[in-house]
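Atom set for the values below is all heavy atoms of this structure, side chains included, hydrogens, waters and symmetry mates excluded. Given the structure is predicted, the values throughout are model-derived calculations rather than measurements.
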Amino acid sequence: MANSFDAPAAAPAHMSAPDSSDLLLEQGAGAMAGRRIAVMGATGGIGRALVDRLVAQGGQVAAAGMSHDRLEQVRATHPQVLARATDVTDEGDVEAFFAGARRSLGPLDAVVNLVGASVPGDVATTSVETFDRLMSVNVRSTFLSCKHALPSLRDHDGLIVNVGSLAGVRPNPAAPLYCTAKAAVAMFTRAFATQVQDRRVRVTNLTPGGADTPFWGDRAVDRAALMASDDVADAILFVLSRPAHIVVHDMQFESTGRERE
């Protein structure tokens, strides 16, 4: 699935930024200026919203995604973004992504891991293949990204943000495997954070509730009562914009259940 990074085009002289939330207004349009950030899962709803925000705020972005078509859409909108189709469950592919990002951008300031997948179903009728696939996409991908991000991060004050789910905290009878996988991601993140803190690498476990993204497929969900992708992207930007002497260990947040205005 791997392919080399496309050479980035020059950034347009005038770029129109997405509508800003109050949080983004506080951060400022250039809050990410000069920051080099890798986004794993950049072609999902939240990943795409995050890339849009990072570019609008002056960040230099390396984007990894499983979907070639969606990655082409990222390139078309943001030709300055380094984009590479990456199988996030394949160690060689993940290693190549980070090596290419460092060659192209230099040492990374931050990595955001947004990859996730869920297949609802009863345990009694779920195949071992489905179990293995869910653990691979959710847990293995996070492990591989953290492992191969470390050599690509700058020597001091690098930041890794692993995005989990409240499903890893609250049991859900509709998707027990997803709950298990996200609980594993949360514990891995916390333990990994203690392992790398002496290297001045900060690690955040971000735990959002449901968001209105393609993640749900054709499942019956009251999307209007979910968070927007931008809501989660804004929370990630909050973490990314903290000064080097601040580490956000854990952050849980969700919609109140009221329809978005």
Side-chain angles (χ1 to χ4, degrees), residues 2 4-5 8 27 30-42 46-47 50-51 53-55 57-65 74 80-116 138-164 185-207 233 235-251:
S4 59
F5 277 114
Q27 292 172 339
M32 293 293 124
R35 300 284 299 280
R36 298 178 291 266
I37 301 168
V39 180
M40 309 298 287
I46 297 169
L50 179 62
V51 170
R53 289 289 193 266
L54 290 171
V55 171
Q57 293 193 21
Q60 300 178 52
V61 180
V74 173
Q80 70 272 46
V81 169
L82 295 169
R84 185 181 191 276
T86 305
D87 181 349
V88 295
T89 68
D90 180 87
E91 182 165 23
D93 240 16
V94 174
E95 183 177 18
F97 169 81
F98 282 110
R102 184 174 181 118
R103 284 194 304 270
S104 299
L105 298 180
L108 299 174
D109 295 288
V111 176
V112 181
N113 291 311
L114 273 161
V115 177
N138 290 287
V139 186
R140 179 186 173 97
S141 70
T142 304
F143 156 70
L144 290 176
S145 180
C146 290
K147 175 180 178 179
H148 292 291
L150 284 175
S152 298
L153 287 170
R154 61 179 179 166
D155 292 337
H156 300 295
D157 303 321
L159 172 63
I160 297 175
V161 181
N162 290 338
V163 180
V185 168
M187 183 53 69
F188 168 80
T189 301
R190 294 175 184 130
F192 174 63
T194 66
Q195 193 175 81
V196 298
Q197 62 186 358
D198 290 343
R199 298 174 59 173
R200 289 178 61 178
V201 174
R202 295 171 294 157
V203 184
T204 296
N205 179 53
L206 200 69
T207 309
I236 297 170
L237 283 166
F238 172 81
V239 176
L240 293 176
S241 63
R242 295 310 87 199
H245 69 283
I246 297 295
V247 57
V248 179
H249 295 292
D250 290 272
M251 181 189 293

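Side-chain contact between V55 and V81: present, with at least one pair of heavy atoms (C-beta onward) separated by less than 4.5 Å. In this structure, S141 and M40 have side chains that are not in contact, with every pair of non-hydrogen atoms separated by 4.5 Å or more. Residues V39 and V111 are not in side-chain contact: their nearest non-hydrogen atoms beyond the backbone lie 4.5 Å or more apart. In this structure, S241 and M32 have side chains that are in contact, with non-hydrogen atoms separated by less than 4.5 Å. Within the 4.5 Å cutoff, the side chain of V61 has no heavy atoms near those of the L82 side chain. Between V88 and D93, the closest side-chain pair of non-hydrogen atoms is not below 4.5 Å. Under the 4.5 Å side-chain criterion, counting only non-hydrogen atoms from C-beta, V94 is not in contact with D90. Using a 4.5 Å heavy-atom threshold, the side chains of T204 and I160 count as separate.
Legend: residues meeting side-chain hydrogen bond (donor to acceptor under 3.5 Å, both in side chains) with D250, ordered by chain and number and at least two apart, are R190, N205. Taking the side-chain hydrogen bond (donor to acceptor under 3.5 Å, both in side chains) definition, one finds that Q197 meets it with nothing, sequence neighbours left out. Partners of T189 by side-chain hydrogen bond (donor to acceptor under 3.5 Å, both in side chains), not counting sequence neighbours, listed by chain and number: N162. Listed by chain and residue number, N113 satisfy the side-chain hydrogen bond (donor to acceptor under 3.5 Å, both in side chains) test with S145 (two or more places apart in sequence, or in another chain). Scored by the ring-ring contact (aromatic ring centres under 6.0 Å, His included) test, F188 finds F192 as partners (sequence neighbours excluded).
Going from atom CG of L153 over to atom CG of D109 covers 8.5 Å, rounded to the nearest 0.5 Å. The OG atom of S152 sits 11.5 Å away from atom CZ of R36, with the distance rounded to the nearest 0.5 Å. To the nearest 0.5 angstrom, L50 atom CG is 5.0 Å from I236 atom CD1. Taken from CZ in R154 to CG in L159, the straight-line distance is 9.5 Å, to the nearest 0.5 Å. Interatomic distance, F97 CZ to L144 CG, rounded to the nearest 0.5 Å: 13.0 Å.
Considering all non-hydrogen atoms of both residues, L105 and Q60 come closest at CD2-OE1, 3.8 Å. Shortest non-hydrogen contact noted between N138 and V115 is OD1-O, 4.3 Å. A96 approaches R84 most closely through the heavy-atom pair CB-NH2, 3.4 Å. Nearest heavy atom pair, residue A31 against residue Q57, reads CB-OE1, 3.1 Å. The minimum heavy-atom distance between A64 and T86, with the atom names listed, is CB-OG1, 3.7 Å.
Pairs of residues two or more places apart, or lying in two chains, that qualify as salt bridge (charged side-chain N to carboxylate O under 4.0 Å, His left out) and include a residue from residues 193-204 are D157-R200.
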Start with the C-alpha gap between V201 and L150, add the side-chain angles, then the distance that decides, and say whether side-chain contact (heavy atoms from CB on, under 4.5 Å) holds.
-> CA-CA 9 Å; V201 174; L150 284 175; 4.3 Å; yes

Check step by step if side-chain contact (heavy atoms from CB on, under 4.5 Å) holds for V185 and V163.
-> CA-CA 9 Å; V185 168; V163 180; over 6 Å; no

Where do V203 and T194 land on the side-chain contact (heavy atoms from CB on, under 4.5 Å) test, with the steps shown first?
-> CA-CA 9 Å; V203 184; T194 66; over 6 Å; no

Can you list the steps and then say if V161 with V248 is a side-chain contact (heavy atoms from CB on, under 4.5 Å)?
-> CA-CA 9 Å; V161 181; V248 179; over 6 Å; no

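A cation-pi arrangement, defined by a distance under 6.0 Å to the six-membered ring centre and an angle within 45 degrees of its axis, is present between R242 and F238.
Here E91 pairs with K147 in a salt bridge; the nearest charged N to carboxylate O distance falls below 4.0 Å.
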